[in-house]
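The shown structure was predicted, so the numbers you read here are calculated from the model rather than taken from an experiment.
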Amino acid sequence: MSRLRQEIDDIVMLATTLFIIPLTWLLIGWRWPRAVSGHDGLANLLVLLQALVDEKGQWSRLAYRADLLGGMKVRDAVGPFPVFGVLARCGFSPTAILDLTTFLLQAVIAFLGVRAAAGLATAWSGRDARVGPMLRLAGVWACGFAPVLGWKIGAGHQTLVTGMLPFLAALALVVAAAAGTATGTLVLVATGALAGGVLFTGHQMVVYGVIFGGPILAGTWWALGRRASDLVLPGVAVLSAGLLALPELWGVLAHAFGTDSLRVMHGMRITYSYLTGHPLDGLASLLWARDVLRPSQPQILHHEINNPVGPMLLLLALVPWRRARALAVGLGASAAAALLFSMNAHPFSDALLLLLPPLGSFRVPTRAILPALSVLPILALAGVLREQDRPRLSPALAGLGAAAIYLAPALLRELAGWTLAAAAACRPQRLGRLAAMPAAAVFLMLAAGGLAAFRERAISFDAFPDGDGLLARARQLGDEARRAQPAVGSPLVRVSASFEWPELLSNTAVAIGLSSLDGYYFPQRRLVELMCATRGQAYQPNSLLLRFPPERPSSRALFQLYDVAWRLDESGAVPPLIDTAGRAWFATRVRHAESFAALGRELVSLREDLALQARRTVWLVDADPMVARAALPEPIDVRCATARVDGVVETPGGTTIAVAHVSSPADCPLTFAMNYAETMQAVARGSDGRTRPAAVFPSYGALTGVWVPRGASEVRVTARVVRPPWPGLWPALGMALLAWQTMYIPRRRRP
């Protein structure tokens with residue numbers, strides 16, 4: 001096949017895939033503008049997307065949000081996923097952005113999968129493998145609507161789906177380079193997948209793709225000739241993607257390795273703190289059926305413990321394993337390592353965590369099987385493409401068979417699927433005409449059965465909820481609350497909601513448009529440390545969903561520091577809750593605590609007097625490296641007793657977080673009722689109009705402290721977006737490298 005013809009075929013395949021994906025969603029019952037995801041898709045992603053839409057798609061304006069979880073670095077904690085930003089700038093609603101992004105992710109997965117399968121079939125058969133319309137549809141269903149993706153998309157785990165893209169892109173590029181079938185379209189799509197995959201917060205799957213997908217990539221390259229030159233294309237694409245993403249990725253990496261992140265990349269062992277795999281779950285995952293899951297496991301965990309394989313497993317018999325022994329070894333090693341690791345099989349899991357410390361920073365180890373599972377439909381389709389010289393079945397009859405298996409009851413679908421797969425794989429003579437059925441027709445029917453299994457899982461959380469309607473109802477309640485009490489319109493004045501909507505969990509108040517200490521995302525580490533300390537607990541790095549019941553002494557201590565002064569009722573009423581230290585205040589003396597645990601005990605012991613004591617005393621945790629770095633002078637000047645805050649002006653978005661109008665007769669410590677972040681900067685303006693930088697430090701363990709210089713009349717706190725040196729240079733290099741590689745793609749036939 002000529003290079004031009006291959007390029008045209010890839011463009012057509014990509015366009016067809018982009019068309020098939022939403023059409024298939026319509027087939028399985030979704031209707032615009034309903035959301036394709038429930039669970040975290042509503043509680044997390046919609047709330048995030050609403051904030052991004054409010055900022056017109058500008059991720060830099062989400063460098064810090066004071067109204068979320070007491071103050072959070074949204075951009076760097078979540079990752080500035082470019083697709084979200086582009087769609088938000090185009091004016092789409094949060095639900096539309098969620099749906100369109102999901103369709104795009106599925107389309108990229110399907111395109112890369114079908115492309116890798118065609119490349120493998122070309123290499124194995126020695127002739128160009130053409131993917132006809134029937135197999136193209138089946139390939140899109142098998143890869144883009146794999147049953148396991150039904151769980152991930154239904155649960156709103158698009159982050160994990162995005163994190164799978166780098167592995168799939170690398171696999172498609174390795175195969176294309178070895179088979180001599182690379183095109184500019186493939187390189188561009190794969191590079192975009194690599195860049196987008198590392199920018200979003202699905203970094204667990206990026207790491208799992210390297211560790212557990214590495215043997216598959218190595219085995220594929222070895223089985224296809226193990227030529228060093230075949231690594232140039234994927235290597236250049238990875239480098240180009242890294243350079244293109246570097247300006248936006250820099251802040252994400254700085255956050256991950258800084259003191260604001262809940263988890264660190266070494267020294268943690270939270271892998272089995274939430275869930276550990278079980279052999280029975282692995283056996284149940286062999287089937288499409290969802291009803292075979294252990295009843296002892298809570299339903300909320302089903303999407304993590306069940307990774308359905310289905311009858312397509314038998315189609316691996318069509319792969320020429322004698323010519324692909326290295327691939328068999330790599331795939332087997334990946335699957336075995338993932339299963340042993342997920343089940344915490346000693347001493348294997350201990351050795352893996354010791355040798356690869358980043359694994360200890362991620363929970364839910366059952367996700368380690370996803371790289372091997374994503375390769376299953378690719379290998380099955382490659383084996384089918386290699387078998388295309390066998391007698392063909394009428395597309396109409398194959399389509400009727402696919403419709404029948406899709407509409408069949410679950411038990412009948414399971415039996416029919418395994419029977420068809422066994423017939424295609426083993427071809428026993430006693431099955432007669434069934435054994436002579438073309439493998440392509442069997443693959444289409446199994447893809448339809450997998451689509452039915454996808455649908456069962458995707459709608460198990462909520463059958464296509466009205467996301468925009470939910471947000472509109474929330475915003476209406478927020479407007480009523482602000483009319484009832486205008487003070488809660490400030491991001492530094494927080495409410496404690498007396499209720500939770502089940503779709504939004506502890507993000508209910510934030511979705512309503514009010515600031516709250518409760519929330520569900522990636523809180524600042526110091527807030528979690530302070531929360532655990534006031535509760536008398538050890539630090540919990542898994543604390544993503546935070547709730548602060550008002551009746552707890554620990555909650556009341558934090559309420560007084562974070563200005564949680566109001567109680568929000570579901571009717572929109574906002575009665576007062578507790579006296580607080582306010583939005584910002586000066587202190588007249590410093591008190592040191594050796595650790596968060598000591599600070600927590602002391603704060604709780606003050607009970608309702610904490611607000612009054614906080615206006616006099618600023619507590620510092622000596623163990624915090626950012627406190628030592630600030631090098632704060634002591635003792636505090638006695639004139640700070642007359643320092644005052646005349647007013648605080650907060651901005652709901654943007655890099656400017658808060659502006660305090662103050663009177664400071666000496667160098668005095670000012671505290672804002674919001675979380676400290678390493679990226680914060682402060683400048684003080686004097687009465688003469690001159691500005692001076694002011695040191696920012698963690699006060700009271702987690703809050704934002706500013707050492708205000710003498711004579712200041714205004715203090716402005718901003719959040720900077722961390723970027724590498726010469727931020728414009730790296731994308732330019734990446735584009736040049738990508739352009740060179742796209743124009744110079746090896747097209748020689750491989751033996």
Side-chain angles (χ1 to χ4, degrees), residues 14-15 17-26 28 30-59 62 74-75 78-113 140 143-146 149-166 168-169 189-203 205-206 241 245 248 252 454 458 461-462 464-468 470-471 521:
L14 181 60
T17 303
L18 291 170
F19 175 75
I20 291 174
I21 295 294
L23 196 64
T24 303
W25 274 103
L26 292 172
I28 64 179
W30 168 82
R31 294 294 181 270
W32 183 272
R34 295 278 179 164
V36 296
S37 298
H39 197 46
D40 286 356
L42 299 177
N44 286 72
L45 286 179
L46 278 190
V47 174
L48 167 69
L49 292 172
Q50 180 64 68
L52 189 61
V53 168
D54 291 342
E55 300 300 340
K56 309 301 181 185
Q58 298 182 45
W59 278 106
L62 294 180
V74 178
R75 176 193 180 277
V78 174
F81 192 45
V83 177
F84 285 167
V86 170
L87 293 177
R89 284 193 293 273
C90 291
F92 287 101
S93 69
T95 302
I97 295 173
L98 175 64
D99 291 351
L100 292 175
T101 301
T102 302
F103 299 161
L104 180 61
L105 292 175
Q106 289 179 275
V108 172
I109 290 173
F111 173 77
L112 294 174
V140 171
C143 297
F145 289 90
L149 291 181
W151 283 131
K152 305 310 176 190
I153 293 174
H157 287 181
Q158 277 80 352
T159 54
L160 298 179
V161 178
T162 307
M164 294 170 59
L165 294 182
L168 292 171
V189 172
T191 304
L194 287 162
V198 299
L199 279 175
F200 207 11
T201 188
H203 298 121
M205 290 313 306
V206 176
E248 304 301 325
V252 177
F454 172 96
F461 296 93
D462 195 346
F464 309 124
D466 183 5
D468 288 339
L470 176 67
L471 292 177
Y521 234 115

If we only count heavy atoms from C-beta on, is the [X] to [Y] side-chain gap below 4.5 Å?
X      : Y      : value
Phe103 : Val36  : yes
Thr24  : Gln106 : no
Val47  : Tyr521 : no

For a side chain to side chain contact (heavy atoms under 4.5 Å, CB included) check, start with the C-alpha distance between Leu62 and Trp59, then their side-chain angles and the critical distance, and finish with the verdict.
CA-CA 5 Å; Leu62 294 180; Trp59 278 106; 4.1 Å; yes
Rounded to the nearest 0.5 Å, how far apart are [atom1] of [X] and [atom2] of [Y]?
X      : Y      : atom1 : atom2 : value
Phe84  : Leu49  : CZ    : CG    : 5.0 Å
Leu52  : Phe81  : CG    : CZ    : 11.5 Å
Glu55  : Gln50  : CD    : CD    : 10.5 Å
Leu160 : Met205 : CG    : CE    : 7.0 Å
Leu470 : Thr95  : CG    : OG1   : 8.5 Å

Work out which heavy atom in [X] is nearest to a heavy atom in [Y]; give both atom names and the distance.
X      : Y      : result
Leu46  : Leu471 : O-CD1, 4.1 Å
Gly113 : Cys143 : CA-SG, 4.0 Å
Ala245 : Val198 : CB-CG2, 4.3 Å
Trp32  : Ala96  : CH2-CB, 3.5 Å
Leu98  : Ala35  : CD2-CB, 4.4 Å

Under 30°, 30 to 60°, or over 60°: which ring-plane class applies to Phe461 and Trp151, parallel, tilted or perpendicular?
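It falls in the perpendicular class, over 60°.
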For the side chain to side chain contact (heavy atoms under 4.5 Å, CB included) test, which of Leu165, Ile21, Thr17, Thr162 pairs with Ile109?
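Answer to the side chain to side chain contact (heavy atoms under 4.5 Å, CB included) test with Ile109 among Leu165, Ile21, Thr17, Thr162: Leu165.
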Could you tell me whether the side chains of Gln158 and Ser37 share a donor-acceptor contact shorter than 3.5 Å?
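Judged by distance alone, the side chains do pair up.
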Does the Arg31 side chain pair with the main chain of Leu26, one donor and one acceptor, at a distance under 3.5 Å?
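Answer holds: yes.
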